[in-house]
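Okay, so here's the structure we're looking at.
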Amino acid sequence: MSKILVTGGLGFIGSHTVVELQNEGYDVVIIDDLSNSSENVLDGITAITGKTPVFEKLDLKDKAGVEAFFAKHNDVKGVIHFAASKAVGESVQEPLLYYENNIGTLVYILKELKKLPSASFIFSSSCTVYGQADELPITENAPVKQAESPYGNTKQIGEEIIKDTCKVTPSLKAIALRYFNPVGAHESVEIGELPIGVPQNLVPFITQTAIGLREELSVFGDDYPTPDGTCIRDYIHVVDLAKAHVVALKRLLDGKNKENYETFNLGTGKGSSVLEVVQAFERVSGEKLKYKIVGRREGDIISAYADTNKANNELGWKTELTLDDAMRSAWNWEKKVRGK
Ligand SMILES: NC(=O)c1ccc[n+]([C@@H]2O[C@H](COP(=O)([O-])OP(=O)(O)OC[C@H]3O[C@@H](n4cnc5c(N)ncnc54)[C@H](O)[C@@H]3O)[C@@H](O)[C@H]2O)c1
């Protein structure tokens, strides 16, 4: 089976994708610098799949290190590139850190892939590229809007870099996957999301509040033009998302792609408000969540959910798990991590 490099493979989405790749028989090599993850994640992957992936601890900002990796692993057939810094607020304070880690590393990897006789590349992009879309649900043809943050900009620039490179590199095929809001954990609770510090995302904030780590959840604004006044997002179970990576990779490896650079939205197609997510959590956990409504948060868009037609029909993938499944697994994971 093909050897696949997964950068950031010990992170939240990366670890779940490594599990699905190994379940499909791929040989996985992980690069991670552990800047936002832990080596223990390897144990979780091994417990689920019965196989320990090869792990190379490497900071992808180390250009010579990236070159040395590809010299050693010149039989890599595909790369799924998750490694990046992802805290939107931090990116506003430290833009150069984000441009270096999210753009510099991408360039180093693409330079190496250009040298291979053929290569398939999957890029972690984001629905942030659409900003507040004019039409909902959001199709892949919706215009890319001015990024709200340096983090969002790195995804837009990253996509442009890949597109430009593919244009002049017939041996390179790439897919940018635009994720909506990944949530949940593997049902085995061997792996899940491990935010360092105060969670930036809603679901880990909810579970940490319910377990007693946070005082209460702040809901930013209930006066948006939505049915209950809170913001609407498309929450996708991380296991469904992980499976989409395997499908996208296979599309490229099998030469089923229509162009050598493609984009797909990955979401459920269903928007859920913040309060609906809270209700889903309370329903599946049996816990009452402490929350308060506060003012709007700068930079939040009102509503975003995916048009899934292209992913369903062209990629041949669709979600199987629900928001309740995601909240249940996220809660079970939180309890396991805290020893409860
Ligand atoms: N989680 C989300 O809500 C979301 C949404 C849209 C897009 N994305 C993108 O998906 C990708 C994965 O996100 P995630 O939530 O799993 O994040 P994560 O932080 O859990 O995983 C990223 C992993 O990359 C590693 N890493 C970072 N910089 C590195 C470097 N220079 N060298 C080697 N390893 C490095 C980290 O240690 C971490 O294990 C990122 O590119 C992110 O921007 C995430």
Side-chain angles (χ1 to χ4, degrees), residues 5-19 29-42 44-45 53 55-63 65-66 69 79-88 90-91 94 97-109 121-130 147-159 162 176-186 191-197 199-205 233-239 241-242 244-245 263-267 304 306 326 330 333:
L5 165 62
V6 181
T7 75
L10 296 182
F12 173 42
I13 308 168
S15 57
H16 289 82
T17 302
V18 170
V19 164
V29 183
I30 293 174
I31 290 181
D32 205 300
D33 67 352
L34 306 179
S35 57
N36 200 32
S37 54
S38 138
E39 207 167 333
N40 298 337
V41 175
L42 280 174
I45 294 170
F55 171 52
E56 302 259 0
K57 184 172 182 293
L58 175 68
D59 180 347
L60 292 160
K61 295 195 291 300
D62 170 5
K63 185 165 185 267
V66 174
F69 173 89
V79 177
I80 307 184
H81 182 44
F82 292 104
S85 303
K86 63 166 184 177
V88 174
E90 185 188 45
S91 80
E94 298 280 356
L97 193 151
Y98 275 67
Y99 288 116
E100 185 182 26
N101 203 36
N102 296 7
I103 303 295
T105 60
L106 172 66
V107 171
Y108 297 160
I109 293 170
F121 185 75
I122 308 288
F123 179 62
S124 293
S125 190
S126 167
C127 67
T128 55
V129 302
Y130 300 117
E148 294 272 356
S149 69
Y151 167 74
N153 209 19
T154 66
K155 295 299 174 191
Q156 296 188 3
I157 297 169
E159 286 197 9
I162 299 163
L177 297 174
R178 294 171 174 166
Y179 314 155
F180 280 67
N181 295 70
V183 290
H186 196 270
I191 54 172
E193 190 170 6
L194 276 173
I196 293 174
Q200 308 286 314
N201 294 331
L202 177 62
V203 172
F205 206 104
R233 298 287 181 273
D234 185 340
Y235 296 93
I236 173 172
H237 198 299
V238 66
V239 171
L241 185 65
H245 289 76
T263 55
F264 291 97
N265 285 345
L266 297 181
W333 168 248

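Each ligand, and each atom within it, is numbered from 1 in the order the structure gives.
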Among all protein non-hydrogen atoms, which one is nearest to atom 20 (O) of ligand 1, and what is the separation to 0.1 Å?
-> Phe12 N, 2.9 Å

Can you find an N/O atom of Ser125 closer than 3.5 Å to an N/O atom of ligand 1?
-> no

Region of Asn101 engaging ligand 1 - heavy atom pairs below 4.0 Å = side chain

Lys86 to ligand 1: N or O pair under 3.5 Å?
-> yes

The answer for which part of Leu34 has a heavy atom under 4.0 Å from ligand 1 is backbone

Give a yes or no answer on whether the side chain of Asn201 reaches the backbone of Val203 with a donor-acceptor pair at less than 3.5 Å.
-> no

Step through it carefully: locate the ring centre of Tyr179, locate the ring centre of His245, and say whether they are under 6.0 Å apart.
-> yes

heavy-atom search around atom 10 (O) of ligand 1 in the protein gives Tyr179 CE1, 3.3 Å

Answer side chain, backbone, both or neither: which part of Lys155 comes under 4.0 Å from ligand 1, heavy atoms only.
-> side chain

Between Glu90 and Tyr151, does any side-chain donor sit less than 3.5 Å from a side-chain acceptor?
-> no

Would Leu241 and Phe180 satisfy side chain to side chain contact (heavy atoms under 4.5 Å, CB included), going step by step from the backbone distance to the final call?
-> CA-CA 10 Å; Leu241 185 65; Phe180 280 67; over 6 Å; no

Nearest protein heavy atom to atom 35 (C) of ligand 1, by residue and atom, and its distance?
-> Asp33 OD1, 3.1 Å

Give a yes/no verdict on whether any heavy atom in Asn102 is under 4.0 Å from an atom of ligand 1.
-> no

Within the structure, does Ile31 bring an N/O atom to less than 3.5 angstrom of an N/O atom in ligand 1?
-> no

Considering only protein heavy atoms, which is closest to atom 22 (C) of ligand 1, and at what distance to one decimal place?
-> Ala84 O, 4.1 Å

Return a yes/no value for Ser85: is any of its N or O atoms, backbone included, closer than 3.5 angstrom to an N or O of ligand 1?
-> no

At what distance is the nearest protein heavy atom to atom 40 (C) of ligand 1, and which residue and atom is it?
-> Phe82 O, 3.1 Å

When distances are taken from atom 3 (O) of ligand 1, the protein heavy atom at minimum range is Pro182 CD, 3.3 Å

